[in-house]
Novice: 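Provided herewith is a single structure, encoded as structure tokens, for subsequent inquiry.
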Number of protein chains: 2
Amino acid sequence: MAHKGLLLVLSGPSGVGKGTVKNAIVKNKVFPFEYSVSMTTRKPRPGEVDGKDYFFVSEQRFQEAINQGELLEYNEYVGHHYGTPVGPVKKMLAEGKDVLIETDVNGARTVREKMPDGVFIFLTPPDLHTLHLRLEHRGTESEDVIMGRIREARKEILVMQDYDYAVVNDTVANAVDHIKAIVDAEHVSVKRVIDDYRKMVEEE
Amino acid sequence: MAHKGLLLVLSGPSGVGKGTVKNAIVKNKVFPFEYSVSMTTRKPRPGEVDGKDYFFVSEQRFQEAINQGELLEYNEYVGHHYGTPVGPVKKMLAEGKDVLIETDVNGARTVREKMPDGVFIFLTPPDLHTLHLRLEHRGTESEDVIMGRIREARKEILVMQDYDYAVVNDTVANAVDHIKAIVDAEHVSVKRVIDDYRKMVEEE
């Protein structure tokens, strides 16, 4: 059966280690993902190849891509634009290939609007997970630090509720294991396979 | 965080190998499941222990259990009744333990009505999965055999659509691997963990 590929969107709060987890997935070849090449307005660094590491474009070309709806999501980071061209992603999915996109929470929200059947993973910092332990031992930290952390946690949880999965990034290996399980489970979820089965018996 | 346990319901068409897959999970201790002890009206076989293998009861006691709503699901097999007492299942789930129930498709439907947040896995015969290949080589099988198989497949697909996952039982090892991934993924699904996170920051 020709399944449509899975679009996996890896996101989470800034500093949580999205890039490290993504690189571990790429390096260890944990599962056969396709990676979309991003478009950026920053200059190439030594050794970076246009069309492989990034599509290096001018600010004008980037704005044109935005206006023409060529980008699935885009964001700004230290003065430069980064975006995911939508064409290659749709092509790879149609060919049955799984595609991994790593992006910030704003980017993930945009992808969700355009491709709601993607699988959205929110990487959480381990201290969000262990916050309750800290709260039980308040003596060891100042009230200000605790209250600040709680406010931040509330914001993170508000964002998390729009995702499908929340994976704690306690160790990169654990996070990768969970992501592998998620991909495997999604591949056998009824909502993804039922149409293939239906098509099979309807063709007669 | 005190998670509520996961209720996993393993079902599928008769003869698909549900019991074999369940036994493989139990034997290999793939993951730490609790198993509910079923109630039955059949006589104990040599070596079977009451309260461990089954709760052996009279037909009258079984009917009373049905009438009092003590059973999560029940069914009849070659003249005997089998049922899952609901009390122990709810207790184990509340203690954060994962519970596995293996039952036929009618039993699974009843469990779905009573405990809709369970995880429902439909085990599919490999020939449902490979039916399309057979159809492409019709010359090798009679039209009657093919049409009968298609009618049966249509029925199976109608049942499957009420499940969360469809796992092909091509080999027991593969089926167990998929079920392991499903359990892992469900443990980090946002719909299951978000309440724990919310409780964590609301308590302040």
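A, B, ... follow the sequence lines: proteins, then strands. Residue 1 opens every chain.
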Novice: Would you say A:D53 and A:V37 make side-chain contact, with heavy atoms under 4.5 Å?
Specialist: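 No. Closest side-chain heavy atoms not under 4.5 Å.
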Novice: Measure up the A:Y74 and A:H81 rings against each other and bin them: parallel (under 30°), tilted (30 to 60°), perpendicular (over 60°).
Specialist: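 A:Y74 vs A:H81 ring planes: perpendicular.
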Novice: In terms of heavy-atom pairs under 4.5 Å, which option from B:I194, B:V188, B:V167 contacts chain A the most?
Specialist: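 Max contact count across the listed options: B:V188.
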Novice: In terms of side-chain heavy atoms, does B:Q63 have a donor or acceptor partner in B:E59 at a distance below 3.5 Å?
Specialist: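 Note: B:Q63 and B:E59 side chains meet the donor-acceptor criterion.
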Novice: May I ask you to say whether B:R109 pairs ionically with B:E113, meaning some side-chain N is under 4.0 Å from a carboxylate O?
Specialist: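 B:E113 and B:R109: not salt-bridged.
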Novice: Between B:D117, B:D162, B:D164, which is the residue that forms a side-chain hydrogen bond (donor to acceptor under 3.5 Å, both in side chains) with B:R112?
Specialist: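 When B:D117, B:D162, B:D164 are each tested with B:R112, the side-chain hydrogen bond (donor to acceptor under 3.5 Å, both in side chains) holds only for B:D164.
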Novice: May I ask you to list the residues in residues 174-186 of chain A that approach chain B closer than 4.5 angstrom, counting heavy atoms only, ordered by number?
Specialist: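 The stretch touches chain B at A:D177, A:H178, A:A181, A:I182, A:D184, A:A185.
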Novice: Is the cationic atom of B:R42 (NZ for Lys, CZ for Arg) positioned less than 6.0 Å from the six-membered ring centroid of B:Y54 and within 45 degrees of its normal?
Specialist: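 Cation-pi check for B:R42 and B:Y54: passes.
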